[in-house]
2 protein chains.
Amino acid sequence: MEFAKNQQNSWYENKEQLLVAVDCIIFGFDKEILKLLVFKREIQPLKGSWSLIGSFVRRNENSNQAGMRILKDITGLENIFMDELKTYSEVDRDPGARCISIAQYALIRIDDNNKELVNKHGAFWYSLDELPELVLDHNQMVKDALEKLREKARFSPIGFELLPKYFTLPQIQTLYEQIFQKKLDSRNFRKKLLSLNFLKKTEIKDKSSSKKGAYLYEFDYEKETDQNFIFKG
Amino acid sequence: MEFAKNQQNSWYENKEQLLVAVDCIIFGFDKEILKLLVFKREIQPLKGSWSLIGSFVRRNENSNQAGMRILKDITGLENIFMDELKTYSEVDRDPGARCISIAQYALIRIDDNNKELVNKHGAFWYSLDELPELVLDHNQMVKDALEKLREKARFSPIGFELLPKYFTLPQIQTLYEQIFQKKLDSRNFRKKLLSLNFLKKTEIKDKSSSKKGAYLYEFDYEKETDQNFIFKG
DNA sequence: AATAATAAATGTAATTATTACATTTATTAT
DNA sequence: ATAATAAATGTAATAATTACATTTATTATT
């Protein structure tokens, strides 16, 4: 067995072995709605059910690399924001094998570039409040990921991974409203956000959703000093 | 091989397998100093070096149960606060095997009950700023755990897992000072802490560290509503 | 050309939280 | 009685958060 050949110390041999997978909770925001990328599962058991996308971790990669590999396969994108959520290791979580999963959540900008690729993989962007039942413990993973996203959004300017390069203040407010799942006061929201000084205003207006038009902003990466950013929702 | 017998689906068979371990970052506070429990490693490679305590995850337990099993073995305690930190899965992290580790951090009260047991396992409580070099990526785990502890302390009343049932305000202030690694103003610290309303004052004084004596408090679990606790250090 | 409709942009006062800062108090040992 | 020690306490200034309603820029319609 290939595995055994690599062993250098007898103490490690014959230990109980588990399969190690990663599953990706992929969030996207299409300028209006926070969505999640889900897939038609292509393997037994539960073939045909909705599922997060995952893969086993290979011996020559770490868990983050495994997640990045999956993301690239599906969206064609590299350099996506991705962070570990937590591991799921219940004994019975997967009826097919004793398999733990290291869940990773990713934030991507939904745009036309990756729509095609995504379709090829039997994938679908679901609005978070219309999410179907997913296999195994994947619904729990999504729930946990959303909570983590909320935590993260409270303490760092998270939205920029999800927004296009140029975005309007109403757009980012909508995003935060969806993350926190409540309406925010636009005066207070803008005051807080602008006081943090990491938004650069342009003179261009986006008139796609109002007659007056809303100014486009971009994120000023130089100013993203973690200066006590606490967003109280 | 025992592993193969348990497989139900051919698709899972012959996948690359990794060993899965847990390592425990065990914090303790002896009323003065924040400490970490480290061990003389009993296995090759690196036998005799300082190390966190760990174990492989067994097929009939989840990662949390594995951590709890280790903690009970060593301290004799059950119901210890323990939470997942993150996984460590670098390809080369362990020269002995392709092994990922799910790091868990635990908070315990150092007291005489468990001192004996701890000694039996070649364990030693090190002050955090005198920590020796540990094997593998264990120093990194400690660093990450301390950061997580700090994060956690900012947003929830963490200290009570580390403090004895009855403790004084100077004691808890010292603990927070060690977690945040800076001096805190006692007037502001007490004001903030008491305003959160989850401390119950007793009329008993602890005179072990001053002539005047400091009142003992206990944690009021009923009032631990997560009411916007943000401790700005 | 005037008007209606729409969403974007804006300000202020009241409340609450945070910070900076020094003295008094209770007790024990001398 | 006094000295020594650490614990306990208050206040004023500043900053952050909240609650709340009107005006503005533009396009489409008449």
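Lettering follows sequence order; numbering is per chain, from 1. Heavy-atom basis, side chains included; hydrogens, waters and symmetry copies ignored.
As judged by a 4.0 angstrom heavy-atom cut-off over every strand, A:T168 is placed among residues making no nucleic acid contact.
Among the duplex regions that DNA chain C forms, those built from at least three successive Watson-Crick or G-U pairs under 3.5 Å are C:1-30 with D:1-30, ordered by first number.
Comparing A:K205 and B:K207 by the nucleotide of DNA chain C whose heavy atom lies nearest to each, the residue mapping closer to the 5' end is A:K205. For A:S210 and A:D185, each mapped to the nucleotide of DNA chain D holding its nearest heavy atom, the one lying further toward the 5' end belongs to A:D185. Nearer to the 5' terminus of DNA chain C, by closest-nucleotide assignment, is the contact made by A:K211 (compared with the other of A:K211 and A:K191).
What separates NZ of A:K183 from C1' of C:dA7 is a distance of 12 Å, to the nearest Å. For the pair A:R187 CZ and D:dC20 C1', the computed distance is 5 Å after rounding to whole Å. Distance B:Y215 OH to D:dA8 P: 8 Å, rounded to the nearest Å. The nearest whole Å value for the distance from the CG atom in A:L169 to the P atom in C:dT10 is 9 Å. With rounding to whole Å, A:I204 atom CD1 is found 17 Å from C:dA8 atom C1'. Atom P of nucleotide D:dG10 and atom CG of B:L194 are separated by 12 Å, given to the nearest angstrom. As rounded to whole Å, 12 Å separates atom P of D:dA6 from atom CD of B:E32. In this structure, the CG atom of B:N188 is 13 Å from the C1' atom of D:dA13, given to the nearest Å.
In this structure the side chain of B:L175 reaches within 4.5 angstrom of the side chain of B:L163, judged on heavy atoms. Considering only heavy atoms from C-beta on, A:I102 comes within 4.5 Å of A:Q104 through its side chain.
In terms of heavy atoms, A:Q181 sits closest to A:L146 at NE2-CD2, 4.0 Å.
Side-chain nitrogen and oxygen atoms of A:R190 include at least one within less than 4.0 Å of the OP1 or OP2 phosphate oxygen of C:dA9.
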Donor-acceptor list for residues 22-37 of chain B side chains, cut-off 3.5 Å, not counting sequence neighbours:
| unit_1 | atom_1 | unit_2 | atom_2 | d |
| --- | --- | --- | --- | --- |
| B:D23 | OD2 | B:S101 | OG | 2.7 |
| B:D30 | OD1 | B:E32 | N | 3.1 |
| B:D30 | OD1 | B:I33 | N | 2.9 |
| B:D30 | OD2 | B:K35 | NZ | 3.0 |

Please walk me through it: do B:Y88 and B:D144 pass side-chain hydrogen bond (donor to acceptor under 3.5 Å, both in side chains)? CA-CA 11 Å; B:Y88 292 78; B:D144 294 343; 2.5 Å; yes
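Judged as a salt bridge (Lys or Arg N to Asp or Glu O under 4.0 Å), and not counting sequence neighbours, the contacts of A:R69 are A:E61.
B:K212 contributes a side-chain N or O that forms a donor-acceptor pair with the base of D:dA7 under 3.5 Å.
In this structure, A:Y176 and A:F180 have tilted ring planes: the angle between them lies in the 30° to 60° band.
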